[in-house]
Amino acid sequence: MATVVTKGRAPAPKTNLIGLEKADYRGRPSTLCAGCGHDSISSQIMAVAFELSLRPSRIIKMSGIGCSSKSPAYFLSRAHGFNALHGRMPSVTTGASLANRGLLPIGVSGDGDTGSIGLGQFKHMLRRNVPMVYIIENNGVYGLTKGQFSATADVGQKLKYAGLNELPPIDLCLEALVGGCGFIARSFAGDAKQVRELLKAAINYRGTAVLDIISPCVTFNNAEDSTKSYPYGKEHEEQIQEISFVQKREEIRVDYEPGTVKEVELHDGSVIVLHKLDKDYDPTDQMAAFRLLREAEEKQEFITGLIYIDESRGTIHDVEHLTDTPLAHLDEATLRPPREALDKVMAEFA
Ligand SMILES: Cc1ncc(C[n+]2csc(CCOP(=O)(O)OP(=O)(O)O)c2C)c(N)n1
Ligand code: SF4
Ligand SMILES: [Mg+2]
């Protein structure tokens, strides 16, 4: 008698709270160099968007020009996207956010795009506190144009093609702090877990959230002595705290040793849980953040984690008294004041 072999059914793919699978958060295949740090960050963005059940149609992927700025093509194909001019992502994002506050901008920029040509735009974005996640994929070089030094390159560094860098670096976290930014974190593309938890917190933050992620350029700047390389990051990364993010709907289990954990509650009830490591560091203290960054700069320490958080500042939408309804969704009658209202305004100038 013939034996009938019944094949077990393949398990159904896992879906998130809005019924989407991990594959629904993918982008096009990457054209970046194999091993580029930017690809690791794209992977974490996809993982987090799935985990948080973000609706792709709510997201606008914003970028400037550079290998980093190309990367939004490689994640969340179902989201909206705009590849702006070099260094101009902040102003385009400001416009998009003003037109439709219902959208969640995830901006990806490079150290050249932000720290060189785009520094002015970056600072004004922080000043306005436009709600967005602002990721800097920091590799110390202009990767796309073949490895010239950027404004974050180490002073005294020598590169085969670029020669000697004689200028001191700009610390983009310090610039963000001086610029009044209320969410500043630094991470390393080789530390996937930390990148994920910081991304989740940044997405739930109300205002501009800056993530300066050291993202090695394996083609032009990955030598052991470069502070933007994989070998250096792996050897020298010093977490200021171990971070985990708890979304509002999840139950918060309090089973930590007293004094070992600091919890920061965000406006939507979600919580950033910071497990203290060696340093007793308070990321809500702005002066402590200045000291931390300056000391790290002087001692050449590669510190990562949540550097500063403050939710008290109003966003551009609060300051401009915009309605809760996105402007893009207001009907004609609401957008256009009636004739009498205009007459009244004109009468004031008569
Ligand atoms: C106005 C303008 N100036 C210069 C360039 C040339 N350019 C293209 S990308 C780039 C630098 C990119 O470096 P970065 O932002 O660090 O991105 P990476 O490629 O390193 O990820 C430059 C100078 C340009 N495209 N537009
Ligand atoms: S040149 Fe550098 S930054 Fe650009 S894709 Fe290659 S490794 Fe990445
Ligand atoms: Mg770069």
Side-chain angles (χ1 to χ4, degrees), residues 27-45 61-75 81-93 106-123 125 132-155 157-163 165 167-173 175-176 186-190 192 195 210-234 302:
R28 294 212 300 266
S30 172
T31 58
L32 303 184
C33 307
C36 176
H38 304 349
D39 277 338
S40 319
I41 298 170
S42 298
S43 302
Q44 303 323 319
I45 296 173
K61 305 177 290 179
M62 307 300 292
S63 64
I65 301 290
C67 297
S68 34
S69 294
K70 277 167 71 178
S71 70
Y74 314 135
F75 59 83
F82 195 90
N83 201 194
L85 293 174
H86 197 19
R88 270 58 167 190
M89 182 261 277
S91 53
V92 180
T93 309
I106 298 184
V108 180
S109 180
D111 41 312
D113 197 63
T114 291
S116 300
I117 195 169
L119 194 59
Q121 292 237 338
F122 178 59
K123 301 285 283 199
M125 162 142 234
M132 77 170 298
V133 178
Y134 192 114
I135 300 167
I136 305 156
E137 299 188 338
N138 190 348
N139 54 18
V141 286
Y142 300 162
L144 189 74
T145 51
K146 305 222 175 295
Q148 300 86 350
F149 291 116
S150 79
T152 67
D154 308 326
V155 62
Q157 191 188 358
K158 281 190 189 136
L159 284 177
K160 195 171 163 198
Y161 300 110
N165 176 39
L167 297 173
I170 289 179
D171 182 325
L172 292 169
C173 288
E175 290 299 329
R186 174 164 285 149
S187 193
F188 172 46
V195 170
V210 170
L211 290 174
D212 178 21
I213 307 180
I214 303 306
S215 176
C217 169
V218 291
T219 302
F220 296 110
N221 193 11
N222 199 31
E224 248 169 62
D225 59 344
S226 161
T227 59
K228 310 290 185 299
S229 69
Y230 275 122
Y232 187 92
K234 281 180 187 150
F302 177 28

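Order of listing sets the numbers, starting from 1, for every ligand and every atom in it.
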Which residue and heavy atom of the protein sit nearest [atom], plus the separation:
| atom | value |
| --- | --- |
| atom 10 (C) of ligand 1 | H86 NE2, 3.3 Å |
| atom 7 (S) of ligand 2 | V218 N, 3.4 Å |
| atom 15 (O) of ligand 1 | D113 N, 2.7 Å |
| atom 21 (O) of ligand 1 | S68 OG, 2.7 Å |
| atom 14 (P) of ligand 1 | G112 N, 3.5 Å |
| atom 6 (C) of ligand 1 | T145 CG2, 3.9 Å |
| atom 13 (O) of ligand 1 | Y142 CA, 3.4 Å |

- Task: Consider every N or O of D111 and every N or O of ligand 1, then say whether any pair is closer than 3.5 Å.
- Result: yes

- Any N or O of G66 that comes nearer than 3.5 Å to an N or O of ligand 1? no

Side chains of [X] and [Y]: is there a donor and an acceptor less than 3.5 Å apart?
| X | Y | value |
| --- | --- | --- |
| Y134 | T114 | yes |
| S215 | N139 | no |
| N138 | D212 | yes |

Can you list the ligand 1 atoms lying under 4.0 Å from a non-hydrogen atom of [X]?
| X | answer |
| --- | --- |
| V141 | 16 (O), 20 (O) |
| H38 | 21 (O) |
| G143 | 18 (P), 19 (O), 20 (O) |

[X], portion touching ligand 1 at heavy-atom distance under 4.0 Å:
| X | result |
| --- | --- |
| S150 | neither |
| Q148 | neither |
| L144 | both |
| I117 | side chain |

- Hey, which protein N/O/S atoms does atom 4 (Fe) of ligand 2 have under 2.8 Å? C67 SG

Just so I know, are the side chains of [X] and [Y] near enough to count as touching, which here means a heavy-atom distance under 4.5 Å?
| X | Y | result |
| --- | --- | --- |
| D154 | N165 | no |
| Q157 | K228 | no |
| L172 | T152 | yes |

- Query: Using 30° and 60° as the class limits, which term best fits the ring planes of F302 and F188: parallel, tilted or perpendicular?
  - Reply: perpendicular

Check whether any side-chain N or O of [X] sits under 3.5 Å from a backbone N or O of [Y] as a donor-acceptor pair, and report yes or no.
| X | Y | answer |
| --- | --- | --- |
| S42 | H38 | yes |
| N222 | C217 | no |
| D111 | A151 | no |

- Message: So for K70, does at least one of its heavy atoms come nearer than 4.0 angstrom to any atom of ligand 1?
- Response: no

- Query: At what distance, to the nearest 0.5 angstrom, does OG of S63 lie from CD1 of I106?
  - Reply: 12.0 Å

- Check: of N138, N139, L85, I65, min heavy-atom distance to atom 12 (C) of ligand 1 comes from I65

